[in-house]
Q: 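Questions regarding the structure given below will be posed in turn.
Computation of the quantities below employed the complete heavy-atom set of this structure, encompassing side-chain atoms and omitting hydrogens, waters and symmetry-equivalent molecules. Please read all numbers here as calculations on a predicted model, not as lab measurements. Residue numbers start from 1 in every chain, and the chains themselves are labelled A, B, ... in the order their sequence lines are given, proteins ahead of strands.
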Amino acid sequence: MNSLTPELFRASLGQVGSTVLLIAMLAVVMEIALYLLLVRVLKHKYALPIMLLAPAAIGLMLLVVAPILYELRLAFSDMNLYRFKNPNYGIGVGLSNFARIFTEPVLKQVGFFPIFFRTMLWTGIQVVSHVTIGLFLAILLNRPMKLRGLYRTILIIPWAMPQVVAVLAWRGEFSFEYGFLNIMLKNIGLAGVAWKTHPFWNYVAMNLTNIWLGVPFMMVILLGGLQSIPSTYYEAAEIDGANWWGQFRNVTIPMIKPVMTPAIVLGVIWTFNNFNVPYFINQYELETSDILVTALFRAAFEYNRYGFAAAFAFVIFFILLLFSVWYVKVAKIDIGFGQGEQKKKKLPKIAKTAVAATEGRR
Amino acid sequence: MKRILSVLTGVFILLLISSVLFVSCEKKPKEAGPVTFALWTQESESEGGFQYIEALAESYMAAHANVTIDVLQKGTEDLREDFQTASLAGDSPELLWTVSDHAGPFTTADLILPVDDYFDMSKYVESVVANGKTWAVPITAGNHLMLLYNKDLVSKAPVTTDELIAMAKEHTSGDMYGLVYNQTEPFWLAPWLGGFGGKVFAADGVTPTLDTAAMVGTLQFLHDLKFVHKIMPNEADYGMADTLFKEGKAAFLINGDWSLTDYKGVLGDKLGITAIPKVSSTGKWSAPYTSGKYFMISNSVEGEKLDVVVDFIKFATNTENQVELVEKLVRLPGLTSVLNDPIVTGDPVFKDSGAALAKGTPMPTVLEMRANWDAMKPELIAVMSGTKTPEEAAKAMQAAAEAGIAAMK
Amino acid sequence: MQKKQSLYRWFFFRSRGDTPFIRTLIHIILIFACIAALYPALRVLTVSIRPGNRLFSTTLEIIPAGANLEAYRRILFDKDFFLWLWNSLTITVATSLIGVILASTSAYAFSRWRFPGRKSGLIFLLATQMIPAPMLMVPIYIIAAKLGLINTWRGLVIAYSVGAIPFSIWILKGYYDTIPLELEQSAMIDGASRMGAFYRIILPLSTPALAIVFLFNFMMAWNDYLLARIMLQKKDLLTWTLGLRSIQDQFHTQWDMFCAAALMVSIPVMILFFFSSKWLVSGLTLGSVKG
């Protein structure tokens, strides 16, 4: 057993320290180069934003874009274990991969569309629950009260626990005889539920688990958003005679929207692609509990269908991309607007007076 | 345009700098003498397997100062996936200590080396043979399922299934169960299938034969154990079966040789071991799958490194170390001479376990087996939860297995 | 009506003068929520102190008969638990700092400039989240192997900090958008540079969002298994997620140790959450600027 010796201690600090230094050094070098190039030589209009974005952009190119391009190439190949080292590449191969996704069973017996609809339902249930419960709790916590710190800390536990452990613990609770859910049902005189073997109840089980897991994160994000709302806005709204619903609709929602919208979009994407919960709660590998990403995982890693799985990943990608573009349109996220215009558009008149008041006081 | 150009220049500069920095840091010494190789294993610490391998590597390194062995533990499926990924990048570990079913994918993808040229395979128990070549060196034999019983509850071992059912019924009441086992894994179905005279593949070894009378009979038998004879819990996976047996709430348990040390520790002399009984309706013994653990060598290994790896395998499977393995891990050895040694034949546990092993049949290791396993699992569960009849399930198994095999091609 | 009005007002924002009934109601709701959040975690605790390594038991007690701390002793002293924790901690802290710095500046650019490609840039950031993560592991491994980043933490730190950037930028950009432009302008009129205004006005006002982003980075790196599994293949380098994997088997897991370890790795996170909650809530938010 090699335990934590001083040498390892130093070595690890050295490695991490040198990494941080390295990144800092590279960033400084790059920023100086960009500064000289953009500000001094080109006098570029957007010199500053480019300099601000450059480090992140480079990292993304290397570790996100490049792997995605690799996957794209793989999607146009017939790579599997039989053709592991010398797969065939080609447009035709790729098209047949995509065709197979929609025409053949994705795994054993179930085709693409039933799994797709199941995934949509799952995503819908989850995101709606996370946002409503999360917002409700955040509103309750967004006030001076006794024990607030304690409540907040406890409510965050599902997020703080290692996710796989939490999911496995939940799986234990869905045991027919020993899970507390069934014991409670029996105590109030109902029959136990076959959470693991019955398709419907297994689906319910994975939904329950993920609601438990996902609410704290949404709660924290929305709480952050609520904190940024000055109470002057509410006071102003109240002076204007708005009732609680009016205040909620005209002050709370617009004010936390910039924080809530990205959280919802990302929540949809992550839930759609959630792996741990549907994979581990579905202990008996019921095909009826598979969502697209678990089906994809099985195709890729259990059946080693590399080419097919890569094509499948892009199908998921396009579904989510369509959704995001649509949502951005519908929710009118101001990704195309600067902050100045957005404020005019979003805030009710009363709120603007409040901003002026805020600034006047500074 | 200028902007894009400048960004590209930046990317280029950064990549250049970073690659130079990273590569220069990571260069390893390439002199002739020192040899470093990686050994990945799926043995875990809980059963002592991993510690045993580490000790083995230590003692080899102590005798060969120029050799460094990096032993790394991985989950069984992780090991297979990561080995495939690493091979794709040309960066695979040199040696694996793993289960026999990994040989299927690895030979299909051409990732491991045939071992006939380096070892005298006649000295070992049956190994993984495909296309006329041997692909793995046996370390342990067995991995087979047995019938374990609690001598506090059961006085003598049953020989036929009728006896088993009768004895189990006596011990089923309240929260006590006659028989428990992992009802969720088809690995626990395989012995009975053998007892009903069935096999999962046709004679060619790759065409699934799951929709057969034997399979229907097996599923019906398992279904009846639960619903007609009522000797089993409503739901039981590995952990629950394990708990019930350890708590003394189950008379019989079906589990593998890997678990013997654990139960010996809990039950001591009260642990009874016997072969899974004869199926009364056919008169045939149940045939659990046998496999064991094997060394597999990456086919990227060559030259001096290969000599060292081969030498290490010979060291790890020499008589002395195999005897130590038997003593420490309580598993049957891969070397025939040690398997027939009094240290094995004279020990009561090994005697019973060995007798059960003798009834076994080698587990198929071909790639197609993956589709078979995955096809059987949900249908087995459907039968055991009463949602499908054995006939429907067997039909669905066959269809799913064929679809799975077609998908892998 | 007047009373009702103030009740709602109280419900949706800070309140003084709540009625005792409402206070009690709120506490009851929160206590129920806390129980729901806590109970499964307590069951993990139960398994960790149950004698004889059993996942299941036929009892529902939180403290089982014969409870002991044997599993904790074994994981702490028979395993390299401290090494794993230390490894995870250094990687995670470095990642979170780098991630927050990279994202906070980039998000500022997205929030305050209308440069061409901005809209597609934001959509692109979202798009990077849409490819299921397991699929990217093979190419990331190949790239990392080419760059010599396998078996180094350098590779992991870089990959994690980049991996969290899209989320971080979106959250921070959304938050910056709620901060009135006038605040910066007045600072700049007072003679501050653009970056000076960012540093002195925007960042302090954004502490809740920065805290969320830091936590998110931290949690992602802390709990990651997939990437660490392929990048780290030496015993000395293992993080706790990889270390815990070694006490699991195909069929057989040492549940008591597994659960004990799981609870102990949650402790640093809980401490972090506890202290960060101060930042999440109070501090220099717009609300308190008002005084």
Q: Taking Tyr108(C) for its side chain and Pro49(A) for its backbone only, find out whether a donor-acceptor pair lies under 3.5 Å.
A: no
Q: Going by heavy atoms in the side chains, are Leu60(A) and Ile165(C) under 4.5 Å from each other?
A: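 They are in side-chain contact.
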Q: Against chain C, label Leu141(A) side chain, backbone, both or neither, depending on which of its atoms sit under 4.5 Å from a heavy atom there.
A: side chain
Q: Indicate yes or no: at least one non-hydrogen side-chain atom of Val165(A) is less than 4.5 angstrom from one of Val265(C).
A: no
Q: Given a strict heavy-atom distance threshold of 4.5 Å, which part of Met135(C) is in contact with chain A: side chain, backbone, both, or neither?
A: both
Q: Specify whether His27(C) and Tyr151(A) have parallel, tilted or perpendicular ring planes, treating 30° as the upper limit for parallel and 60° as the lower limit for perpendicular.
A: tilted
Q: Nearest heavy-atom pair of Pro134(C) and Phe301(A): which atoms, and what distance?
A: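 That would be O-CZ, 3.5 Å.
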Q: Find out whether Ser266(C) and Ile157(A) are in side-chain contact, i.e. whether some heavy atom of one side chain is under 4.5 Å from a heavy atom of the other.
A: no
Q: Which value, rounded to the nearest 0.5 Å, describes the distance between Met51(A) atom CE and Thr105(C) atom OG1?
A: 10.5 Å
Q: What I'd like to find out is whether the side chain of Tyr225(C) reaches to under 4.5 Å of the side chain of Val164(A), using heavy atoms alone.
A: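 In short, these two side chains do not touch, never coming nearer than 4.5 Å.
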Q: For a 4.5 angstrom cut-off between non-hydrogen side-chain atoms, does Gln129(C) reach Leu320(A)?
A: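 Result no, sub-4.5 Å side-chain heavy-atom pair not found.
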Q: Name the region of Ala300(A), side chain, backbone, both or neither, that has any atom closer than 4.5 Å to a heavy atom of chain C.
A: side chain
Q: Residues in ring-ring contact (aromatic ring centres under 6.0 Å, His included) with Trp270(A), at least two apart?
A: Phe167(C), Phe216(C)
Q: Taking every non-hydrogen pair under 4.5 Å, which of Thr19(A), Val64(A), Leu69(A) racks up the most with chain C?
A: Thr19(A)
Q: Which residues pass the side-chain contact (heavy atoms from CB on, under 4.5 Å) test with Gln163(A), not counting sequence neighbours?
A: Val167(A), Leu213(A), Asn276(A)
Q: Does any part of the side chain of Leu136(C), heavy atoms only, come nearer than 4.5 Å to the side chain of Ile68(A), both counted from C-beta?
A: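 SC-SC contact between Ile68(A) and Leu136(C) confirmed.
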Q: Which of the residues Thr128(C), Val44(C), Ile101(C), Leu126(C) is involved in the greatest number of heavy-atom pairs with chain A at under 4.5 angstrom?
A: Leu126(C)
Q: Checking Phe217(A) against chain C: side chain, backbone, both or neither under 4.5 Å from a heavy atom?
A: side chain
Q: Check whether any side-chain heavy atom of Thr241(C) lies under 4.5 Å from a side-chain heavy atom of Pro162(A), and answer yes or no.
A: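 SC-SC contact between Thr241(C) and Pro162(A) ruled out.
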Q: Against chain A, work out which of Ile140(C), Leu263(C), Ile91(C), Leu85(C) has the most heavy-atom pairs shorter than 4.5 Å and name it.
A: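 Option with the greatest count: Ile140(C).
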